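Bear in mind that the values here come from a model prediction, so they are computed numbers and not experimental data.
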Amino acid sequence: MEKTWRWFGPKDPITLSMLKQIGVEGIVTSLHHLPAGEVWTEDEVIKMRDYIADGGLRWSVVESLPVSESIKYGGADRDKLIDNYIESLRNLGKAGVKTVCYNFMPVLDWARTDLENPNPDGTSSLYFNKAEMAYFDIYILKRKDAAKSWDAATLARVEQLREKMTPEDEKRLVENIIVKTQGFVGGNISESDNDPVAKFRQLLDLYKDIDADKLRENMKYFLERIMPVCEEYDINMCVHPDDPPMPLFGLPRIVTCDADIDAFLKAVDNPHNGLTFCAGSLSAGAHNDVVELAKKYAPRTHFVHARICRVMPDGDFKESSHLDPRLIEVVRTFERERPDVPMRVDHAPLMLGDEKMGYNAGYSFHGRMLALGMVSGIMATVNTEK
């Protein structure tokens, strides 16, 4: 597989020169300075492509070309926004950038409650505490009937939390759940928002009449509209699984499991409609067997995210080692079945001073460099097995 790296543009403290030195072959990035819904002009695309090429690398994957919320919930302006999306795809295709990762998650992209959960070796990792997420939903967000969305065991843990929660603890949850994990990629919430919780409530209201079936219908409509330009320029669209693969805050999630993946691939049965196989997102659901899913969907996978999660009995989960046996098998599958596909190591621990550098959550330098070395070793071993 092509070894790629998510890079956040010329202002990223991790430079292209650094990435070249550690064995990165391709860059995964976006035009982060452009708002969602705005056309990516040919000039802007070529400028980024050539900047990366001047660094001795290639722009392998767009992550992401954001899908505007109005497209997801079917707003009055969705056709205009899809037209803009098609024009952006056309300009990417003209420039030779042929793989586009996107997601169809309403409002919230990926969600964690702790961005620096300590490990025994002195590093720290991302963590999802189910009870803390429920506490945020019930007592901070104060969503109507929120308690009905959570199981009895989790609600019992919530009440234990409630007895010791401080204002500082609540502020940390707000920052971790809806600010730090969302704002750094041009998301719906930013650190400049005075009242992120109120803004989050407004965004949730956009989906008050949208259930999973309606969201699937809107995704199908979007994909059918863009497939002609994808065919014209040989662009592969690869949707990212929902992270975590479960409903949150009453929002529907439609890329969570085998049945969901099968449904959207069949709904628009075109080889350009494919999957970003994120082993981490899928493994965050105990219902998913990521090894079997990798084998089943390798033919329709256009991009791989190499990471893995360990799920606890209470539903909490934590980012795990890139040498987890399940991830080794996932890498083995794609290295054998899809050696042409781009792969990037995903969320990795904070280590060796990463925590002082202000990196985007989950995107450390030393942690990802170690992960890249691990995955590169797995790939090299697989190639000796052929």
Side-chain angles (χ1 to χ4, degrees), residues 1-30 32 52 55-64 99 101 109-110 112 114-119 121-128 176 180-181 184-185 240 243 276-284 303-310 317-324 326-328 330-331 334-335 341-380:
M1 294 181 286
E2 180 186 24
K3 295 177 229 179
T4 68
W5 184 280
R6 190 172 191 185
W7 177 71
F8 296 98
K11 294 182 180 179
D12 194 325
I14 302 171
T15 67
L16 295 178
S17 175
M18 293 164 67
L19 299 180
K20 184 78 172 173
Q21 291 178 54
I22 65 171
V24 172
E25 298 163 341
I27 293 298
V28 177
T29 195
S30 178
H32 294 293
I52 294 169
L57 298 161
R58 82 177 191 101
W59 190 358
S60 301
V61 181
V62 175
E63 186 179 357
S64 298
T99 304
C101 174
D109 195 331
W110 57 286
R112 300 292 186 274
D114 189 347
L115 307 183
E116 297 187 24
N117 189 262
N119 298 315
D121 61 4
T123 65
S124 64
S125 300
L126 302 174
Y127 193 97
F128 179 98
N176 289 350
K180 290 183 178 179
T181 55
F184 78 84
V185 287
H240 191 288
D243 186 6
T276 294
F277 194 93
C278 181
S281 297
L282 292 167
S283 65
F303 185 30
V304 174
H305 285 184
R307 67 176 172 90
I308 202 80
C309 288
R310 178 169 57 89
F317 65 84
K318 187 170 187 172
E319 309 278 353
S320 189
S321 168
H322 285 71
L323 293 180
D324 184 294
R326 294 167 298 161
L327 188 57
I328 292 173
V330 168
V331 171
F334 287 109
E335 187 66 6
V341 80
M343 174 281 304
R344 74 168 175 86
V345 293
D346 207 351
H347 305 158
L350 290 171
M351 59 188 300
L352 302 175
D354 281 335
E355 69 281 358
K356 301 174 184 177
M357 298 300 295
Y359 295 133
N360 294 324
Y363 292 96
S364 62
F365 177 63
H366 291 112
R368 281 191 290 165
M369 180 171 66
L370 175 62
L372 180 61
M374 291 175 172
V375 174
S376 296
I378 298 169
M379 290 165 59

Could you tell me whether a side-chain N or O of Ser321 sits under 3.5 Å from a main-chain N or O of Leu323, the two making a donor and an acceptor?
yes

Is there a side-chain contact between Val341 and Met1, using heavy atoms and a 4.5 Å cut-off?
yes

Output for pair (Tyr359 OH, Leu350 CG), nearest 0.5 Å, gives 10.0 Å

On a heavy-atom basis, which atom in Val62 and which in Ser64 lie closest, and how many Å separate them?
CG1-C, 3.7 Å

Contact check, side chains of Arg368 and Arg6, non-hydrogen atoms, under 4.5 Å
yes

Any non-hydrogen side-chain atom of Phe303 less than 4.5 Å from a side-chain atom of Val28?
yes

Hey, could you give me the NE2/CG distance between His240 and Asp346, rounded to the nearest 0.5 Å?
6.0 Å

At their closest point, which heavy atom of Pro342 faces which heavy atom of Thr4, and how far apart are they?
CB-CG2, 3.9 Å

Hits for side chain to side chain donor-acceptor pair (under 3.5 Å) against Thr276, two or more places apart or cross-chain, chain-then-number order -> none

Residues at least two apart in sequence or cross-chain that pass side chain to side chain donor-acceptor pair (under 3.5 Å) with Ser124, listed by chain then number, are none

Backbone of Tyr127 reached by a side-chain donor or acceptor of Asp114 within 3.5 Å:
no

Is there a side-chain contact between Phe365 and Leu352 in this structure, where contact means two heavy atoms from C-beta onward sitting under 4.5 Å apart?
no

Can you measure from CG (Leu16) to CG (Leu57) and round to the nearest 0.5 angstrom?
6.0 Å

Would you say the side-chain atoms of Ser283 and Arg310 include a donor-acceptor pair closer than 3.5 Å?
no

Atom NE2 in His366, atom CD1 in Ile22: separation rounded to 0.5 Å?
9.5 Å

Going by the rule side chain to side chain donor-acceptor pair (under 3.5 Å), which residues pair with Arg112 if we only count those two or more places apart in sequence or in a different chain?
Asp243, Glu319

From NZ (Lys180) to CG (Asn360), nearest 0.5 Å
11.5 Å

Contact between Asp12 and Thr29 at the side-chain level, heavy atoms closer than 4.5 Å - yes or no?
no

Judged by atom type as modelled, is there a donor-acceptor pair below 3.5 Å linking the side chain of Asn117 to the main-chain atoms of Lys318?
no

Just wondering, do Trp5 and Arg344 contact through their side chains at under 4.5 Å, heavy atoms?
no

Is there a side-chain contact between Leu327 and Met374, using heavy atoms and a 4.5 Å cut-off?
no

Treating Asp121 as the side-chain partner and Thr123 as the backbone partner, does any N or O pair qualify as donor plus acceptor under 3.5 Å?
yes

Can the ring centres of His347 and Tyr363 be said to be less than 6.0 Å apart?
yes

Search all heavy atoms of Leu372 against all heavy atoms of Val24 and return the closest pair with its distance.
CD2-CG2, 3.9 Å

Heavy-atom pair with the smallest gap, counting every atom of Cys309 and Arg307
SG-NH1, 3.6 Å

Within-4.5 Å side-chain heavy-atom neighbours: Ser281 and His305
no

Closest heavy-atom contact between Asp354 and Gly367?
OD2-N, 3.1 Å

For Asp324, what residues pass the salt bridge (charged side-chain N to carboxylate O under 4.0 Å, His left out) criterion, not counting sequence neighbours?
Arg326

Test of understanding: with salt bridge (charged side-chain N to carboxylate O under 4.0 Å, His left out), list the residues that count as partners of Glu25, not counting sequence neighbours.
none

Residues in ring-ring contact (aromatic ring centres under 6.0 Å, His included) with His322, at least two apart?
none

Using modelled atom types only, decide if a donor and an acceptor are shared between the side chain of Lys20 and the backbone of Gly56 within a distance under 3.5 Å.
yes

Distance col, row Gln21:CD vs Leu19:CG, nearest 0.5 angstrom, shows 9.5 Å

